[in-house]
**Student:** 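For reference, the structure I am asking about is given below.
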Amino acid sequence: MVREGNLENPKDDDDEEGLNLRNIKLSGQMGAKQENGDPENILPPLEQELSHELDTKVKKYLRGEGANLEVLKDKKLKGQLSVREDLYGISAKAAAKAEKWLMPSEGGYLEAEGIEKTWRIKQDAISREVGISSAKNQYDIVLPDFGPYTLDFTPSGRYMAAAGRKGHLAVVDMKNMSLIKELQVRETVRDVVFLHNELFFAAAQKKYPYIYNRDGVEIHCLKEHGVVTRLQFLKNHFLLVSINKNGQLRYQDVTMGEMIGNLRTGLGRTDVMQTNPFNGVVALGHSRGIVSMWKPTSAVPLVKMLCHPGPITAMAFHPNGHLMATSGKEKKIKIWDLRKFEVLQTLPGHAKTLDFSQKGLLAAGTGSFVHVLGDFSGSRNYSRYMGHSIVKGYQIGKVAFRPYEDVLGIGHSMGWSSILIPGAGEPNFDTWLANPFETTKQRREKEIHSLLDKLPPETIMLDPSKIGTLKSAKKKDKPTKKEMEAEMEAAVLAAKGTAIKKKTKGKNKPSKIAVKKKEKVERAKRPFLDQQMKEEENVAKKKQKIGEEISLPTALQRFARKKATA
């Protein structure tokens, strides 16, 4: 999908703004020569260019250099690795061709000229450089009587739900910029979230959460959830998740109406809740600086992380699910690696709301200002990319990137606003996952397919790659003393019951037969006796070590001389 929001309209060199928005380059013109340099095998200029670009894409999918096979002496291993390297090359080339034809668009970005900085470029300068279709995404809706507002977008980015704290609910078609439906519930609304498509949305109101359809008709009142502060929806599992003022986390299946999980967190009230898109795990931020991660089939949290010394104010997950951003009252923003549960970067600044874009940009809103941080080097080192200041006095409550567009939605105390952030959205969309231009028939078919493919709650786990794999065999438990005695008795009986071969005359005396039977019994007992002696020695060593440690006072044990090991 070619979007005008990323098109290039470079200005002259003497332009005072020095702004240059890169356009979406079509990857249809590439070229390179063949490996052999024979003049007869040189490709035409157009094919050379095509081949050069294809080689660049292949290098990206190879992910590093191949193994050096020349240093290997084992011919069998060398042959196996050679075959494997050939398979890697074939798969990388196939992926590069798929990207060339199926993902022709490239995301844009903001580039400053000279000594200018990207975060100093204003929205007015951007609006003069983009087309009409992209410029219409810059607007301010002022509704001072119903704010502050919170926003939510559908996965395709086509529709937006806006909820005012004082009871105003609205559904907007962002493609046509038309209002589909608005209603006034005349009570407090704390949060709003779309369900599986734009036909249904849930709102956390004063006493209970309610589900409405697209026409504003109330469908359900979920009294079991209580006074809800935040809502989330797991689209792959069709689960509506809520956290109420008493710290109770509830999961409800919206297809059958069954309550899947009712968990007591025990960490008090929280206003921070986000879902990891990678595995469906719900994370809560608490007032003690703890982030807890939950799944509906476990009464205890999967993970408890002490992220900040004070209360958690905001949290967001990267689309790949491996990065998490948190903000605390001590005015620090931390980027976490969830694969190792360690801090990658600590940034100064306070954020009341955080959100990651599809391309990994991080928006942080506080007061009347929005910071956008970017990681363009791929080193997970975020730095300032853009900034935007709304009218002084407006208090930002929610920031949310619009999928598949370079647009950031801002919900604040006087309404909501929309600004352009070049490079935020994914330029290519998959119609099987999210289609901004889907018809009514396609929406119905997609709803049926998603219901048939609905995942059970048991599939929510920290590492979903384990689903479908075999469970690793457990180590055999040590046998108890009684079991060892029973095995030894069985071995002795088996030894006594074995028949002794009859030998030549003079060697079948009863005394010799008794000796042979005794030797067989001792031979059967020996393994069990050896194992018993080893266990007794280990126990004696442990007791001796503990006795040496206890002989000194606790404060002096660290000064004890350690015995040198041979």
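Numbers here simply count residues along the sequence, with the first being 1.
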**Student:** Are any of the side-chain heavy atoms of Asn197 and Glu447 separated by less than 4.5 Å?
**Tutor:**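 Yes, side chains in contact.
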**Student:** Kindly say whether Gln205 contributes a backbone atom to a donor-acceptor pair with the side chain of Arg190 at under 3.5 angstrom?
**Tutor:**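 Side chain of Arg190 to backbone of Gln205: a pair is present.
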**Student:** Just checking Lys454: does its NZ atom have more than 12 heavy atoms from other residues, nucleotides or ligands closer to it than 6.0 angstrom?
**Tutor:**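 Count over threshold, so yes.
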**Student:** First locate atom CG of Asn381, then atom CG of Asp375, and finally report the distance between them rounded to the nearest 0.5 Å.
**Tutor:**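 Result: 7.0 Å between the selected atoms.
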**Student:** Could you tell me which residues satisfy side-chain hydrogen bond (donor to acceptor under 3.5 Å, both in side chains) with His168, sequence neighbours excluded, listed by chain and number?
**Tutor:**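 Per chain and number, His168 pairs via side-chain hydrogen bond (donor to acceptor under 3.5 Å, both in side chains) with Tyr149, Glu182.
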**Student:** Provide the full list of ring-ring contact (aromatic ring centres under 6.0 Å, His included) pairs with a residue in residues 324-356, sequence neighbours left out, each pair given once.
**Tutor:**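 Passing the test, one end in residues 324-356: His318-Phe356.
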**Student:** Determine whether Asp191 and Val228 make a side-chain contact, defined as any pair of heavy atoms from C-beta on separated by less than 4.5 Å.
**Tutor:**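 With C-beta onward as the side chain, the pair stays apart.
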**Student:** Can you tell me how far OG of Ser327 sits from CD1 of Ile312, rounded to the nearest 0.5 angstrom?
**Tutor:**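 Here the rounded value is 8.0 Å.
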**Student:** Measuring only between side-chain heavy atoms, which start at C-beta, is Val391 closer than 4.5 Å to Asp140?
**Tutor:**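 Val391 does not reach Asp140 side chain to side chain.
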**Student:** Check whether Asp337 reaches the backbone of Leu344 with its side chain - one donor and one acceptor, N or O, closer than 3.5 Å.
**Tutor:**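 Such a contact is absent between Asp337 side chain and Leu344 backbone.
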**Student:** Excluding sequence neighbours, so at least two apart, what forms side-chain contact (heavy atoms from CB on, under 4.5 Å) with Pro309?
**Tutor:**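 Result, side-chain contact (heavy atoms from CB on, under 4.5 Å) vs Pro309: Glu330.
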**Student:** What are the two closest heavy atoms between Ser418 and Asn137, and how far apart are they?
**Tutor:**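 Scanning both residues completely, I find the closest heavy atoms to be OG-O, 2.6 Å.
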**Student:** Under the side chain to side chain contact (heavy atoms under 4.5 Å, CB included) rule, what do Leu420 and Gln123 come out as? Steps first, then yes or no, please.
**Tutor:** CA-CA 7 Å; Leu420 295 179; Gln123 289 293 312; 3.8 Å; yes
**Student:** Whether the side chain of Thr313 engages the backbone of Ala351 through a donor-acceptor N/O pair (distance < 3.5 Å, no angle test) should be reported.
**Tutor:**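 Yes, Thr313 side chain to Ala351 backbone: donor-acceptor pair under 3.5 Å.
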**Student:** Over all heavy atoms of both residues, which pair between Ala283 and Val291 is shortest? Give the atoms and the distance, please.
**Tutor:**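 Heavy-atom minimum between the residues: CB-CG1, 4.2 Å.
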**Student:** Are the side chain of Thr229 and the backbone of Asp271 linked by a donor-acceptor contact shorter than 3.5 Å?
**Tutor:**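 Between the backbone of Asp271 and the side chain of Thr229 there is no qualifying donor-acceptor contact (under 3.5 Å).
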**Student:** Applying side-chain hydrogen bond (donor to acceptor under 3.5 Å, both in side chains), name anything that partners Arg384, two or more places apart in sequence or on another chain.
**Tutor:**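 Counting only residues at least two positions away or on another chain, Arg384 forms no side-chain hydrogen bond (donor to acceptor under 3.5 Å, both in side chains).
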**Student:** Tell me, do Thr431 and Phe437 make a side-chain contact under 4.5 Å, heavy atoms counted?
**Tutor:**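 Not in contact.
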**Student:** Would the distance check show the side chain of Glu198 and the main-chain N or O of Tyr159 forming a donor-acceptor pair, the cut-off being under 3.5 Å?
**Tutor:**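 Here the side-chain-to-backbone pair does not exist.
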**Student:** When rounded to the nearest 0.5 angstrom, what is the spacing between CD1 in Ile410 and CD1 in Ile141?
**Tutor:**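 Interatomic distance, Ile410 CD1 to Ile141 CD1, rounded to 0.5 Å: 13.0 Å.
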**Student:** Dump the intermediate steps for side chain to side chain contact (heavy atoms under 4.5 Å, CB included) on Met293 and Asn276, then the final yes or no.
**Tutor:** CA-CA 9 Å; Met293 300 183 184; Asn276 190 334; 6.0 Å; no
**Student:** Would you tabulate the side-chain donor-acceptor contacts of residues 233-244 under 3.5 Å, counting partners in other chains and residues two or more places apart, or write 'none'?
**Tutor:**
| unit_1 | atom_1 | unit_2 | atom_2 | d |
| --- | --- | --- | --- | --- |
| His237 | NE2 | Thr459 | OG1 | 3.3 |
| Ser242 | OG | His225 | ND1 | 2.6 |
| Asn244 | OD1 | Asn246 | N | 3.1 |
| Asn244 | OD1 | Gly247 | N | 3.2 |
| Asn244 | OD1 | Gln248 | N | 2.8 |
| Asn244 | ND2 | His225 | O | 3.3 |
| Asn244 | ND2 | Gln248 | OE1 | 3.4 |

**Student:** Hey, is the main chain of Tyr385 close enough, under 3.5 Å, to the side chain of Thr118 for a donor-acceptor pair?
**Tutor:**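 Yes; at least one donor-acceptor contact below 3.5 Å.
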**Student:** Which distance, rounded to the nearest 0.5 Å, do you find between the CG of Asn279 and the CE of Met461?
**Tutor:**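 The CG atom of Asn279 sits 9.5 Å away from the CE atom of Met461.
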**Student:** Keeping the roles fixed (side chain from Gln358, backbone from Pro319), state whether a donor-acceptor pair exists under 3.5 Å.
**Tutor:**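 Answer holds: no.
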**Student:** Within a strict 4.5 Å, meaning less than it, do heavy atoms of the Val281 and Leu462 side chains meet?
**Tutor:**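 A side-chain contact under 4.5 Å exists here.
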**Student:** With side chains defined as the heavy atoms from C-beta onward, is the minimum distance between Ile460 and Pro296 less than 4.5 Å?
**Tutor:**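 In short, these two side chains touch, coming nearer than 4.5 Å.
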**Student:** Counting only heavy atoms not in Lys304 (residues, nucleotides, ligands), do more than 12 fall under 6.0 Å from its NZ?
**Tutor:**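 For Lys304, atom NZ is not crowded (no more than 12 foreign heavy atoms under 6.0 Å).
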**Student:** To the nearest 0.5 angstrom, please state how far the OG atom of Ser156 sits from the CD atom of Glu405.
**Tutor:**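 Here the rounded value is 10.5 Å.
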**Student:** Mind checking whether Leu249 and Met273 have side chains closer than 4.5 Å, heavy atoms only?
**Tutor:**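 Of all side-chain heavy-atom pairs linking Met273 with Leu249, at least one is under 4.5 Å.
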**Student:** Evaluate the criterion side chain to side chain contact (heavy atoms under 4.5 Å, CB included) for residue pair Met315 and Met324; output intermediate values, then yes/no.
**Tutor:** CA-CA 7 Å; Met315 181 169 47; Met324 179 181 70; 3.9 Å; yes
**Student:** Would His196 and Ser450 count as a side-chain hydrogen bond (donor to acceptor under 3.5 Å, both in side chains) here? Give the steps.
**Tutor:** CA-CA 9 Å; His196 56 281; Ser450 58; over 6 Å; no
**Student:** How far apart are the closest heavy atoms of Leu169 and Phe201, and which atoms are they?
**Tutor:**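 Shortest heavy-atom separation between Leu169 and Phe201 comes out as CD1-CE1, 4.1 Å.
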**Student:** Could you tell me which residues satisfy salt bridge (charged side-chain N to carboxylate O under 4.0 Å, His left out) with Arg402, sequence neighbours excluded, listed by chain and number?
**Tutor:**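 Partners of Arg402 by the salt bridge (charged side-chain N to carboxylate O under 4.0 Å, His left out) criterion come out as none, since no residue qualifies.
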**Student:** Closer than 3.5 angstrom, by distance alone: can the side chain of Ser134 be matched with the main-chain N or O of Gly131 as a donor-acceptor pair?
**Tutor:**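 It does not hold such a pair.
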**Student:** Which atom pair, heavy atoms only, marks the closest approach of Thr353 to Lys398?
**Tutor:**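 That closest heavy-atom pairing would be OG1-CA, 3.8 Å.
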**Student:** Locate the shortest heavy-atom distance separating Val189 from Gly164; write the atom from each residue and the value.
**Tutor:**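 Scanning both residues completely, I find the closest heavy atoms to be CB-O, 3.5 Å.
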**Student:** Is the CZ atom of Arg339 crowded by more than 12 outside heavy atoms at less than 6.0 Å?
**Tutor:**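 More than 12 heavy atoms, drawn from other residues, nucleotides or ligands, come within 6.0 Å of this atom.
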**Student:** State, to 0.1 Å, how close Leu354 and Ala364 come at their nearest heavy-atom pair, and which atoms those are.
**Tutor:**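 Of all heavy-atom pairs spanning Leu354 and Ala364, the closest is CD2-CB, 3.5 Å.
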**Student:** I need the Ile180 CD1 to Arg214 CZ distance, nearest 0.5 Å.
**Tutor:**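 Between atom CD1 of Ile180 and atom CZ of Arg214 there are 4.0 Å.
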**Student:** Do Tyr251 and Trp294 have side chains that get closer than 4.5 Å, going by heavy atoms?
**Tutor:**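 A side-chain contact exists here, since the closest heavy-atom pair is under 4.5 Å.
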**Student:** Which residue is it: His308, Lys334, Gln274? I am looking for the one with a side-chain hydrogen bond (donor to acceptor under 3.5 Å, both in side chains) to Thr326.
**Tutor:**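 Testing Thr326 for a side-chain hydrogen bond (donor to acceptor under 3.5 Å, both in side chains) against His308, Lys334, Gln274 leaves exactly one candidate, His308.
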**Student:** Do the side chains of Asp173 and Lys175 get close enough for a salt bridge, i.e. N-O under 4.0 angstrom?
**Tutor:**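 Between Lys175 and Asp173 there is no salt bridge, as every charged N stays at least 4.0 Å from the carboxylate O atoms.
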**Student:** Any chance you could lay out the side chain to side chain contact (heavy atoms under 4.5 Å, CB included) test for Gln138 and Val130, step after step, and finish with the verdict?
**Tutor:** CA-CA 11 Å; Gln138 289 179 318; Val130 298; 5.6 Å; no
**Student:** Describe, in one word, how the ring planes of Tyr394 and His412 are oriented to each other, choosing from parallel (under 30°), tilted (30 to 60°) and perpendicular (over 60°).
**Tutor:**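 Aromatic pair Tyr394/His412 classed parallel.
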